[in-house]
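A quick write-up on the structure given underneath.
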Amino acid sequence: FTETSTYDTVIMNFEDSSVTKKLVGVTVYTHPMPTAGSVTVAYRADAETSYTTIFTFSDDNGIRHSAINIESDGSELPDFKEISFRITSTGDAEITGFRCRSEVIEDDIY
């Protein structure tokens, strides 16, 4: 675990790519975080070509971190039709799980 590890999720559409969704929140789970450990969670929505960081988690002995916005500036999480996530760990941080939640945005004209 001394190297940087990166996990890219599959593209998620929450059962329907034609419907617009709002990302409500994300959570990453880890074994107790070591002193030098850190985990970064980022997303890429729809046709974006680069990832946007949601948060970096490095609390000593922490086992979970959740976010409901972009922690660096407080901006809202994205609206999307499809989304993927990149989870990066360094410094012996060991990821044990990931969860996200979205809600449908009714934006049809009927």
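Numbering starts at 1 and runs along the sequence shown.
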Do [X] and [Y] land in one hydrophobic cluster if side-chain heavy atoms of ILVMFWY residues count as linked below 4.5 Å?
| X | Y | result |
| --- | --- | --- |
| I83 | I70 | yes |
| M12 | V26 | yes |
| I95 | Y43 | yes |
| F14 | L23 | yes |
| Y29 | I87 | no |

Sequence-distant partners of F98, ring-ring contact (aromatic ring centres under 6.0 Å, His included), two or more places apart: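 Listed in chain order: F85.
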All ring-ring contact (aromatic ring centres under 6.0 Å, His included) counterparts of F57, not counting sequence neighbours: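 For F57, the residues satisfying ring-ring contact (aromatic ring centres under 6.0 Å, His included) (neighbours in sequence not counted) are H65.
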Apart from I68 itself, residues in the same hydrophobic cluster as defined by side-chain heavy atoms under 4.5 Å: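 None; I68 is a cluster of one.
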Hydrophobic cluster of I11, others only, ordered by chain and residue number, side-chain cut-off 4.5 Å: none
Partners of [X] by side-chain hydrogen bond (donor to acceptor under 3.5 Å, both in side chains), sequence neighbours excluded?
| X | value |
| --- | --- |
| E48 | none |
| T9 | none |
| S75 | D73 |
| S38 | T90 |

Atom pair CD (E94) and OG (S5), whose distance is rounded to the nearest 0.5 Å: 9.5 Å
Pairing residues for K22 by the salt bridge (charged side-chain N to carboxylate O under 4.0 Å, His left out) criterion, not counting sequence neighbours: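 Per chain and number, K22 pairs via salt bridge (charged side-chain N to carboxylate O under 4.0 Å, His left out) with E76, D79.
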Under the salt bridge (charged side-chain N to carboxylate O under 4.0 Å, His left out) test, residues paired with D8 that sit two or more places apart: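 Partners of D8 under the salt bridge (charged side-chain N to carboxylate O under 4.0 Å, His left out) test: R86.
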S89 side-chain N/O to G37 backbone N/O, donor-acceptor pair under 3.5 Å: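 A pair under 3.5 Å: no.
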D46 side chain to K81 backbone, donor-acceptor under 3.5 Å: yes
Without placing hydrogens or testing angles, list every side-chain donor-acceptor pair under 3.5 Å for residues 100-110, not counting sequence neighbours.
{"residue": "D107", "atom": "OD2", "partner": "T20", "partner atom": "OG1", "Å": "2.7"}

Where at least one partner belongs to residues 52-63, residue pairs that pass side-chain hydrogen bond (donor to acceptor under 3.5 Å, both in side chains), sequence neighbours excluded: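 Sorted pair list: T40-T56.
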